[in-house]
Every structure is written in C-alpha cells, then in structure tokens.
Amino acid sequence: MEPLAPDKLPNHLAIIMDGNGRWAQQRMLKRIVGHQRGAETVKMVVEQASLLGIKYLTLFAFSSENWSRPAMEVRALMTLLKKYIIRETARMMRKNIRYNVIGNRGDLPDDVNLALEDAIRETAGNTGMVLTLALSYGGRQELSSAAVRMARDVAAGLLRPEDVTVDVFGGYLDTGGLPDPDFLIRTSGEMRISNFLLWQLAYTELYFTETNWPDFTINELHKALADFQSRERRFGMTSDQITKRT
Ligand code: FPP
C-alpha cells in the first residue's frame, strides 16, 4: 500500500458511492444485494477515514432523484439505511464519530427519521470525525431552499441584501458549519457530479475510478488518497504564490 503523509490528507472527503446496481447485475444478483455489499464498503471507508484522522466524511447515500427508482428498491434501501444507522451507532460511539445528515429529511420514512434522530442525539457529543450522510439530497434543491430561507430573512428585516456574501449564503446551506470538501471520489467510471454538493465542490479535487462501490477496497482508498497528496491545489493562484505561502 502507498504510504500516506498524515499532514496532507483531505480535511473533508466526499464520496459518490456508485455502481452497486451494476455490481449486482454483473453477478446475476438482485440490485439490493449490491446495496448490501455497498453498505459493507461504507463500514470499511468510515473505519479507515476515522483511523487516518480525516475530520469530515460525507457520503452520497440517497439522492432526491433516487425516489423515482422502483418502489421495492427504494424500500429496501431505506431498510438498509435504518439497519446500518441503528447497528453502527455503538461503533460510532467507540470511535468518537458524530453523525450528521444533509438533504430533505422530511421526505424520509418516519422510522428512518427516528433512527437518524436517535443516532444524531447519541453521537452529538463526539469530537472525532463527522460522518455526514446525504439523504434525499440534491444540490440544486439545497441551493433553492437556501435562497428561499435567505429571502425570508431579508423580508423579515433580519438580513440586508448588501450584507449577503459567499460566507453568509454558505451558512444557509444544509452544510452550514461544515468545511468544503477537499477531495471527491466517485466510483463506477461515471464522470459526473450528479447534483451533489454543487456549491461546496467549487475547488474540490475530483477523483474517478472504474471500480464499482462494492469492490472499492482499502487499497483503492489509499491509492485515491495518495493521488490527492500528489496534487497541487492553487485556488486560482499561481504555482509560485502557492510555494511562497507554504
Ligand atoms: C448507487 O449505486 C448507490 C446508491 C443509490 C445507494 C448508495 C447506498 C449504499 C452504498 C448502501 C447503504 C448506505 C449506507 C450509508 C449504509 P447504483 O444503484 O446507482 O448503481 P448503478 O449505477 O450501477 O445502478
């Protein structure tokens, strides 16, 4: 495995976990089996990211658009999520990980919401990695809801339009309080953002791998992180300016 420099890891790693369905179909299995195997990969990545000292891990677990999948797959995914949240909370406590959720919680079934509320409450005092699950999440939906909330504050006289800055607007997003991701991994060979963290990914380094999510291993994670460490992040500046800054 490639050695990783602990001081050059991403502070915030975001992942689009894709390819569960194809993984299953290639093996003549039901799509839900792919999601079940995908949940095992989630466990591994959460454990590794926390061990490595990554502070924020955000996983795209269910998109606003995923509701249009066959009802049986949606139900099975919701059950899987609920089971994962309930089963893993004890481990999150042991590993000092705090649960967080972004997305439209109101769309989720009541039992999933209850499990989430319990897990968030129970882990609220943890000071290690923040594990954010994006559930019923869509970047455009998040941006338009933020704009509505901000407009309401302006109408109520709580905010002046001239005081709206990038930071003020960012605070209205579901991710208010979280730093922007430094690194995004997407599995399964698709090279799209698919409505994930549209605002927050402005300067994020992107990494795409052909591997389907259920086959994504520790080695692959380390390879991706080693790739991140080899990159120079310039945020619009020149190479020289960056060298002088560090
Ligand atoms: C994309 O694969 C994956 C999803 C829509 C769901 C992700 C869910 C998991 C990894 C399991 C449960 C999650 C947690 C947090 C425990 P796809 O079905 O779109 O694959 P395909 O593009 O090959 O059809």
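Whatever order the structure lists them in is the order used to number ligands and atoms, beginning at 1.
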Can you find a side-chain donor-acceptor pair between S136 and D107 that sits under 3.5 Å?
yes
Looking at D153 and R149, does any basic side-chain N land under 4.0 Å from a carboxylate oxygen?
no
Side-chain H-bond candidate by donor/acceptor type, R186 with S194, under 3.5 Å:
yes
Show the distances, to 0.1 Å, for all pairs joining an N/O atom of ligand 1 and a protein N/O atom that are shorter than 3.5 Å, listing one pair per line.
| residue | atom | partner | partner atom | Å |
| --- | --- | --- | --- | --- |
| ligand 1 | 2 (O) | G19 | N | 3.4 |
| ligand 1 | 2 (O) | N20 | N | 3.4 |
| ligand 1 | 18 (O) | R31 | NH2 | 3.0 |
| ligand 1 | 18 (O) | R69 | NH1 | 2.8 |
| ligand 1 | 19 (O) | D18 | OD1 | 3.3 |
| ligand 1 | 19 (O) | R69 | NH2 | 2.7 |
| ligand 1 | 20 (O) | G19 | N | 3.3 |
| ligand 1 | 20 (O) | N20 | N | 3.2 |
| ligand 1 | 20 (O) | G21 | N | 3.0 |
| ligand 1 | 22 (O) | D18 | OD1 | 3.1 |
| ligand 1 | 22 (O) | R22 | NE | 3.4 |
| ligand 1 | 22 (O) | R22 | NH2 | 2.9 |
| ligand 1 | 23 (O) | G21 | N | 3.4 |
| ligand 1 | 23 (O) | R22 | N | 2.7 |
| ligand 1 | 23 (O) | R22 | NE | 2.7 |
| ligand 1 | 24 (O) | R31 | NH1 | 3.1 |
| ligand 1 | 24 (O) | R31 | NH2 | 3.0 |

Side-chain donor/acceptor of T209 to backbone N/O of T187, under 3.5 Å:
no
Counting distance only, does the side-chain N/O of E205 pair as donor-acceptor with the main-chain N or O of F228 below 3.5 Å?
no
Review item, side-chain donor-acceptor pairs of residues 42-59, under 3.5 Å, at least two apart:
| residue | atom | partner | partner atom | Å |
| --- | --- | --- | --- | --- |
| T58 | OG1 | H12 | NE2 | 2.7 |

